[in-house]
Amino acid sequence: MVASAAAGVAFGAKVQHVVGDVVGSGFGGLVPGGDRFRIYSITSSYPAIEPSVYRLKVTGLVERPLELSLNDLMSMPQTELVRDFQCVTGWRVPKVHWMGVRLADVLDAAGAHPRAQMLAFTSYDGLDTESLTMAQARRSDVVVAHRMLGAPITREHGGPVRLYVAPMYGYKSIKWLKEIRVVESAPLGYWEHDGFPADAWINGSLQRIERSLV
Ligand SMILES: Nc1nc2c(c(=O)[nH]1)N[C@H]1C(S)=C(S)[C@@H](COP(=O)(O)O)O[C@H]1N2
Ligand SMILES: [Mo]
């Protein structure tokens with residue numbers, strides 16, 4: 001499956017994306033329900049990306065640069081996770097269901113250089129950036145997700161594809177995932193410029209920050 005996805009990618013279409021309209025009343029608002037997600041975007045709109053034109057680029061220190069379509073991702077082995085989602089500002093959504101491809105499998109499909117230490121992620125919003133160490137990225141609970149809350153990931157939640165880093169605070173789970181670059185060292189991510197640590201383990205040293213922000 002991985003091989004066929006990679007082969008398809010070699011002849012794949014160019015990356016295409018569409019930047020959407022500014023979302024009106026719902027922007028920055030709450031999703032109705034009990035323990036709610038807050039919809040976050042650091043830009044003034046949510047990217048609108050047709051699932052059929054979505055592409056995930058895997059570049060940098062790889063043997064085979066990839067441009068994965070949603071179908072490519074869905075034809076790779078799938079992983080399901082049910083975990084609490086925790087934002088560093090204090091809100092938590094219990095038992096969220098996620099589905100996607102382990103980031104480790106994507107890295108293997110691309111032939112990530114064994115000595116590369118880091119991954120740098122970008123978003124189709126054109127602004128958000130994130131990073132993981134290679135060891136963090138290869139954990140089994142780190143996925144390139146295309147389903148969340150029992151359905152395809154909605155535009156607001158970063159669909160069609162976002163990263164989901166289960167053991168870390170929400171800001172590591174970059175939405176509208178555009179590119180994974182395999183690098184020797186990655187720059188600070190967007191949220192880390194605000195002082196949050198790049199190693200964003202839930203229940204790590206950030207607990208104090210979290211409490212002070214509630
Ligand atoms: N591209 C992008 N990804 C992002 C963010 C963002 O503003 N832009 N916010 C992050 C933060 S701080 C959190 S808590 C989660 C929130 O996910 P949600 O908007 O689906 O609730 O997305 C993360 N990923
Ligand atoms: Mo967050």
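Counting starts at 1 for both ligands and their atoms, following the listed order.
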(request) Using distance alone, determine whether R38 and ligand 1 share an N or O pair under 3.5 Å. (result) yes

(message) Which residue and atom name correspond to the protein heavy atom nearest atom 20 (O) of ligand 1, and how close is it?
(response) H157 ND1, 2.6 Å

(request) Provide, to 0.1 Å, the distance between atom 23 (C) of ligand 1 and the closest protein heavy atom, together with that atom's residue and name. (result) G170 O, 3.2 Å

(message) Can you name the atoms of ligand 1, numbered from 1 with element, that are less than 4.0 Å from a heavy atom of I39?
(response) 19 (O)

(message) Under a 3.5 Å cutoff, is there a donor and acceptor pairing between the side chains of T43 and S41?
(response) yes

(message) Can you tell me if G158 contacts ligand 1 (heavy atom of the residue under 4.0 Å from the ligand)?
(response) no

(request) May I ask which of L127, T89, I153, D128 has a heavy atom nearer to atom 2 (C) of ligand 1 than the others do? (result) D128

(request) Would you check if the side chain of E130 reaches a backbone N or O of L119 as a donor-acceptor pair within less than 3.5 Å? (result) no

(request) Indicate yes or no: does K172 engage E192 in a salt bridge with an N to O separation below 4.0 Å. (result) yes

(request) Taking all heavy atoms of A145 and all of W98, pick out the closest pair and write down the distance. (result) CB-CE3, 3.9 Å

(message) Below a 4.0 angstrom heavy-atom separation, can you tell me which part of F85, side chain or backbone, both or neither, approaches ligand 1?
(response) side chain

(request) Kindly determine whether F196 and Y169 satisfy ring-ring contact (aromatic ring centres under 6.0 Å, His included), including the steps that lead there. (result) CA-CA 10 Å; F196 294 134; Y169 283 102; 8.2 Å; no

(message) Students should be able to answer this: which protein heavy-atom is nearest to atom 1 (N) of ligand 1, and at what distance?
(response) D125 OD2, 3.0 Å

(request) State whether the side chain of S123 and the backbone N or O of K175 hold a donor-acceptor pair below 3.5 Å, judged by distance alone. (result) yes

(request) Considering the heavy atoms of S173, write down every atom of ligand 1 situated less than 4.0 Å from one of them. (result) 22 (O), 23 (C), 24 (N)

(request) May I ask which of K175, R162, M148 has a heavy atom nearer to atom 15 (C) of ligand 1 than the others do? (result) R162

(request) Flag the pair R138 and D108 as a salt bridge only when some basic side-chain nitrogen lies within less than 4.0 angstrom of an acidic carboxylate oxygen. (result) yes

(request) Look at the side-chain heavy atoms of Ile, Leu, Val, Met, Phe, Trp and Tyr, link any pair under 4.5 Å apart, and say whether L132 and L188 land in one connected group. (result) no

(message) Only heavy atoms of F37, strictly under 4.0 Å: list the atoms of ligand 1 that pass.
(response) 21 (O)

(request) Examine distances only and state if a side-chain atom of R92 and a backbone atom of D84 form a donor-acceptor pair shorter than 3.5 Å. (result) no

(message) Considering both backbone and side-chain atoms of E156, is one of its nitrogen or oxygen atoms within less than 3.5 Å of a nitrogen or oxygen in ligand 1?
(response) no

(request) Below 4.0 angstrom from a heavy atom of I174, which ligand 1 atoms are there? Numbered from 1 as shown, please. (result) 3 (N), 24 (N)

(message) Heavy atoms only, cut-off 4.0 Å: how does I42 contact ligand 1, side chain, backbone, both, or neither?
(response) both

(request) Ignoring hydrogens and angles, tell me if any N or O in the side chain of Q117 forms a donor-acceptor pair with the backbone of R115 under 3.5 Å. (result) yes

(request) Assign the ring pair Y124 / Y54 to parallel, tilted or perpendicular, where the plane angle (0 to 90°) is split at 30° and 60°. (result) perpendicular

(request) Heavy-atom contacts with C87 under 4.0 Å: which atoms of ligand 1 show up? List them by number with element. (result) 14 (S)

(message) Heavy-atom distances under 4.0 Å decide this one: backbone, side chain, both or neither, for S123 against ligand 1?
(response) side chain

(request) Name the option, out of W191, Y46, Y171, that contains the heavy atom nearest to atom 9 (N) of ligand 1. (result) W191

(message) Does only the side chain of Y124 get under 4.0 Å from ligand 1, or the backbone, or both, or neither? Count heavy atoms.
(response) neither

(request) Would you check whether W91 reaches within less than 4.0 Å of ligand 1, judged by its heavy atoms? (result) yes

(message) Looking at Q78 and M76, would you say the former's side chain and the latter's main chain have a donor-acceptor pair under 3.5 Å?
(response) yes

